[in-house]
Amino acid sequence: MAKRHSSHIPLSEALSEFIQENKLQKGMDKVDAREAWVTLMGNGVNNYTTAVELKNDTLYISLTSSVLREELSLGKTKIIKMLNEELGKELVKKLVLR
């Protein structure tokens, strides 16, 4: 059960405390990784993306275009670096393109 504060606290602090107490950080990381992929890759790649899933430290991307999959596989390390910069922490260590 959450504890009550007698003073006023900012909403962002209350939400982060709620996430920590209920152990929701992994789920939030999954959502953040999906949003980072959509933001960084743009409409061209997102039109061919069917699923984005984060499991442990591996990001699984399902693509409908084999040509695009090969092009993206050439720059995996750069994509991982860009995703981690967007997320603000070392969340993705491996990228699997399906």
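All values derive from a computational prediction rather than experimental measurement.
- Here the CG-CG distance, from Leu63 to Leu68, works out to 5.5 Å after rounding to the nearest 0.5 Å.
- A donor-acceptor pair is defined here as one N or O able to donate and one able to accept, closer than 3.5 Å; such a pair exists between the side chain of Asn46 and the backbone of Val38.
- With rounding to the nearest 0.5 angstrom, the CE atom of Met82 is 4.5 Å from the CG atom of Leu40.
- Between Val96 and Thr58 there is a side-chain heavy-atom pair separated by less than 4.5 Å.
- Glu35 CD to Glu86 CD: the interatomic distance, rounded to the nearest 0.5 Å, is 9.5 Å.
- Note: Lys26 NZ to Leu24 CG = 12.5 Å, rounded to the nearest 0.5 Å.
- Looking only at side-chain heavy atoms (C-beta outward), Arg98 and Thr50 stay at 4.5 Å or farther from each other.
- Around atom CG of Asn22, more than 12 heavy atoms belonging to other residues, nucleotides or ligands sit under 6.0 Å away.
- Interatomic distance, CG of Asn47 versus OG1 of Thr64, reported as 8.5 Å (0.5 Å rounding).
- Shown here for Met41 and Ile79, the closest heavy-atom pair between the two residues is CE-CG2, 3.9 Å.
- Here the rule is side-chain contact (heavy atoms from CB on, under 4.5 Å) with Leu91, and of Ile80, Leu59, Asp57, Leu54 only Leu54 fits it.
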**OP:** Report the C-alpha distance between Val52 and Lys30 in whole Å, list the side-chain angles of each, state the deciding distance to 0.1 Å, and finish with yes or no for side-chain contact (heavy atoms from CB on, under 4.5 Å).
**Re:** CA-CA 9 Å; Val52 178; Lys30 289 179 181 183; over 6 Å; no
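- Atoms CG and CZ, on Leu72 and Arg69 in that order, are 10.0 Å from each other to the nearest 0.5 Å.
- Between Glu53 and Lys55 there is a side-chain heavy-atom pair separated by less than 4.5 Å.
- Summarising the geometry of Trp37 relative to Leu83, their closest heavy-atom pair is N-CD2, 3.9 Å, with the distance given to 0.1 Å.
- Leu95 has its side chain out of reach of Tyr60: every pair of non-hydrogen atoms, C-beta onward, lies at least 4.5 Å apart.
- Closest non-hydrogen pair, Ser73 versus Leu97, comes out as N-CD1, 3.5 Å.
- Other residues, nucleotides and ligands contribute only 12 or fewer heavy atoms inside 6.0 Å of the NZ atom of Lys81.
- A donor-acceptor pair is defined here as one N or O able to donate and one able to accept, closer than 3.5 Å; no such pair exists between the side chain of Asn84 and the backbone of Glu90.
- Lys76 pairs by the salt bridge (charged side-chain N to carboxylate O under 4.0 Å, His left out) definition with nothing, not counting sequence neighbours.
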